[in-house]
J.: 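I have a structure here, written as structure tokens, and I will follow up with some questions on it.
A note on names: the letters A, B, ... follow the listed sequences, proteins ahead of strands, and every chain is numbered from 1.
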2 protein chains.
Amino acid sequence: MGYYPNEVARSLYQKSSKMIGLLLPDISNPYFPLLAKGVEDYAQQNGYIVILGNVEDNADKEDMYVKFFSQYNISGVLSAASGKRKNNDRVPYVLLDRALEEENYSISTDDRLGGKLAGQAVLESRGKNIIVMAGPRHVSGANDRLSGALSVLNAAGASYRVFETETFQVDKAEETAQKLFNTFKSFDSVIASNDVFALAVMKEAIKRKHRIPEDIQIIGYDDMLFSRLMYPGLTTIAQPAYEVGFKGAKMLVDLIEKKVIIDKIVKLQPELIRRDSLR
Amino acid sequence: MGYYPNEVARSLYQKSSKMIGLLLPDISNPYFPLLAKGVEDYAQQNGYIVILGNVEDNADKEDMYVKFFSQYNISGVLSAASGKRKNNDRVPYVLLDRALEEENYSISTDDRLGGKLAGQAVLESRGKNIIVMAGPRHVSGANDRLSGALSVLNAAGASYRVFETETFQVDKAEETAQKLFNTFKSFDSVIASNDVFALAVMKEAIKRKHRIPEDIQIIGYDDMLFSRLMYPGLTTIAQPAYEVGFKGAKMLVDLIEKKVIIDKIVKLQPELIRRDSLR
DNA sequence: TTGAAAGCGGTACCAC
DNA sequence: GTGGTACCGCTTTCAA
């Protein structure tokens, strides 16, 4: 008969609420909205609402949010932020998209496997002179990707060189791609650190009149929505971003509701998406 | 001395809180994360936290969130959702990215001007046989874009045809582009309803061996991050998404704090970004 | 089974 | 000024 309980009063007495916090490093990076959608979907289906915090690699902002959260009796937090704050609070905390040894709960993609997949794909399509882009060193996933790719390349005795990039920021992509072409004179394959960089490299390659994939082949990482809209379609490693968010939210809700969690650390499988940028 | 007031208790007595709700139609559409970032930035700087609701054109979901919000004593809502719910609640409500006559407060881009800009640009680059894509009819901004473009085309006596698309959903883009090429036999220009569709049309054009911009020129709408990463670079109309979010949050907070609002309806200016997809 | 009362942690008001 | 008290709306407990 039109009555809805006041959640605030309930929350005051219970010292908990039906709210969960979501900490993201950069919502304008196209990977995260998908992840956010996954958590929002699960939360919504289970009567939780999600509070968004964009912390952009800023530990102060992260602390501020954690403080906010406790003032609001938030009952759990999902964090994809790269800060390494240890969870000394009693609120359930699950890490998204990265797994630290010390932390208890996390959902992430097996980046090492992803890197291997990328390396294998390039080898199979006869990459002879390979550039592998290394993402920022402080991002653990980027390191795993790199080491995965290199392990495959080394095992095959392939010839490669590593190109360091210090950021994943979108607005640095074009610049970085130009620098890549300027520093390396000849190569026939590039393993990019993500799709945005792969696109930038593709653009620069076409500009310089190289044919893709005949002269230069490129593989990306992420499988963003628009990677399929490119011409040629970008071959890439798909990360299950939505699933990371959805399963992360599920794990967090289970934690909040004190259900038994079988796997504290879950790794999801990346997948090779074959399109047209590899020979 | 380490004391932080409990916001829940305060909120219970005050019947209001430092939380604002943000309703988005589709967070995986790259336009919205930028907008969300704008609101998050302003909110955070002013002590508010934002609750995210992804309502995907679903009126029930929207109602559910509005109900949730009132249960949590949320003090204002920012809505970019396309539902036409009238604001019979007493909570401050500001519309983002669309302005309805009946509603009081809104921040949006001047889509009619954007449409005109697109039309003019195509005319200036000698479009003779133009396809203009109409976005979903229930999205008011899409209508304004269309009417703006048509007004310019009509005034110039240009030859054009309208192609209806019933959704802005990303995963329908390729299909829609194919349909466009199948229904219209010859044309030399397309004014796309957004960048995602522009990209899809570009891809389909290249696939079918048309040169861009020589045979077919294309203009988009939005200026997404990756539009510059295409080859050729996409000429498009930039929407100030971040600014819409930021100013919308400012207006909402002013409303909540009962400051005087000078302009109830603010229109931001779109801008033509010249790249290489127009002759 | 049902109803009354206390408490969650603040704010606001009224006496003193 | 300052301290005490009622109240926000719900949950829980305890008594009738």
J.: Would B:Asp111 and B:Tyr221 count as having a side-chain donor-acceptor pair, cut-off 3.5 Å?
T.: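 Their side chains do contain a donor-acceptor pair, which is all the 3.5 Å distance test asks for.
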
J.: Using C1' atoms of five pairs at each end, report the bend of the helix from C:dT1-D:dA16 to C:dC16-D:dG1 rounded to 10 degrees.
T.: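 Taking the rotation axis at each end, their angle is 60°.
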
J.: Table please: side-chain donor-acceptor pairs of residues 14-21 of chain A below 3.5 Å, with sequence neighbours left out.
T.:
unit_1: A:Ser17; atom_1: OG; unit_2: A:Met19; atom_2: N; d: 3.2
unit_1: A:Ser17; atom_1: OG; unit_2: A:Asn73; atom_2: O; d: 2.9

J.: Is the number of heavy atoms from other residues, nucleotides or ligands within 6.0 Å of CZ (A:Arg228) greater than 12?
T.: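 No, the 6.0 Å shell around CZ holds no more than 12 heavy atoms from other groups.
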
J.: Ring of A:Tyr105, cation from A:Lys264 - is the NZ or CZ under 6.0 Å from the centre and inside 45° of the axis?
T.: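 Relative to the ring axis of A:Tyr105, which defines the angle, A:Lys264 lies inside both limits.
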
J.: What does nucleotides 4-15 of chain D look like as a protein-contact string, B for base, S for sugar-phosphate only, - for none, at under 4.0 angstrom between heavy atoms?
T.: ---BBBSBS---

J.: Check the distance between C:dG10's P and A:Asn73's CG and give it to me in whole angstrom.
T.: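 These atoms are roughly 10 Å apart.
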
J.: When you look at B:Arg10 and A:Gln71, which way does the side-chain contact (heavy atoms from CB on, under 4.5 Å) test go after all the steps?
T.: CA-CA 10 Å; B:Arg10 210 178 60 79; A:Gln71 291 187 71; over 6 Å; no

J.: Got a sec: does the NZ of B:Lys250 have more than 12 other heavy atoms crowding it under 6.0 Å?
T.: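 Atom NZ in B:Lys250 is not packed in, count stays at 12 or less.
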
J.: Do the side-chain N and O atoms of A:Arg112 and A:Ser147 include a donor-acceptor pair separated by under 3.5 angstrom?
T.: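 Checked: A:Arg112/A:Ser147 side chains pair up, N/O donor to acceptor below 3.5 Å.
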
J.: Answer yes if the side chains of B:Tyr31 and B:Asp97 hold a donor-acceptor pair under 3.5 Å, and no otherwise.
T.: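 Yes - a donor-acceptor pair under 3.5 Å links their side chains.
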
